[in-house]
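Down below is the structure, laid out as structure tokens.
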Amino acid sequence: MFTLLDVSKIQEQLYSVTSLPCPHCNTTVTLEITGAQLWLYNNNASIQEVLHDIEIPVRERFMTGICGDCWNKLFNPDEEEV
């Protein structure tokens, strides 16, 4: 399950949705989704079904709230520990 915050109707069958705030930098992401996508969300579809056309880092924002920059700082496997 994932969370859509602040769902707002823009026009018929078009909605604005905002992600959880990143727990580290407090930023959010806002997207436009269709009525069909909102219906899928309200019927417990997976994030891959609802936001199938959205890139993975943005989908991650809607699952965990963590932004790409903070994710890389927290979990970057290329960074050596000192």
Side-chain angles (χ1 to χ4, degrees):
M1 188 66 186
F2 62 102
T3 304
L4 300 177
L5 257 63
D6 191 34
V7 178
S8 303
K9 187 173 185 177
I10 298 172
Q11 62 185 38
E12 193 63 36
Q13 295 301 314
L14 189 61
Y15 298 84
S16 170
V17 295
T18 302
S19 70
L20 294 168
C22 177
H24 301 283
C25 67
N26 207 37
T27 61
T28 60
V29 169
T30 300
L31 301 175
E32 291 181 2
I33 64 171
T34 65
Q37 287 171 299
L38 185 58
W39 185 88
L40 286 170
Y41 171 76
N42 286 325
N43 286 280
N44 297 317
S46 71
I47 193 165
Q48 291 85 359
E49 292 175 278
V50 178
L51 302 178
H52 60 86
D53 56 342
I54 304 298
E55 60 268 3
I56 292 171
V58 175
R59 290 195 313 234
E60 184 67 34
R61 288 296 299 262
F62 284 88
M63 290 188 301
T64 65
I66 299 174
C67 73
D69 290 338
C70 291
W71 182 271
N72 288 335
K73 289 175 189 172
L74 291 168
F75 304 109
N76 190 343
D78 299 330
E79 221 172 88
E80 293 183 26
E81 289 188 27
V82 180

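When a residue number appears, it is its place in the shown sequence, counting from 1.
With respect to Leu51, the side chain to side chain contact (heavy atoms under 4.5 Å, CB included) criterion is satisfied by exactly one of Ile33, Val58, Val17: Ile33.
Annotation: the span from Phe62 atom CZ to Leu20 atom CG amounts to 8.5 Å, rounded to 0.5 Å. For the atom pair Leu31 CG and Asp53 CG, the distance stands at 9.0 Å (nearest 0.5 Å). One finds the CG atom of Leu38 at 7.0 Å from the CG atom of Leu4 (value rounded to the nearest 0.5 Å). Atom CG of Asn43 and atom CD of Glu49 lie 10.5 Å apart (nearest 0.5 Å).
Listed by chain and number, the residues in a side chain to side chain contact (heavy atoms under 4.5 Å, CB included) with Thr27 are Cys22, Cys25, Arg61, Cys67 (sequence neighbours excluded). Remark: Trp71 pairs with Phe75 by the ring-ring contact (aromatic ring centres under 6.0 Å, His included) rule, at least two apart or across chains.
Contact between Pro23 and Thr64 at its shortest, heavy atoms only, is CD-O, 4.5 Å. When every heavy atom of Glu32 is checked against every heavy atom of Leu14, the shortest pair comes out as OE1-CD2, 3.7 Å.
Between the side chain of Arg59 and the backbone N or O of Ile54, at least one donor-acceptor pair lies under 3.5 Å.
Within 6.0 Å of CD1 in Ile56 there are 12 or fewer heavy atoms belonging to other residues, nucleotides or ligands.
For residues 11-25, the side chain to side chain donor-acceptor pair (under 3.5 Å) pairs, not counting sequence neighbours, are Lys9-Glu12, Thr18-Thr30.
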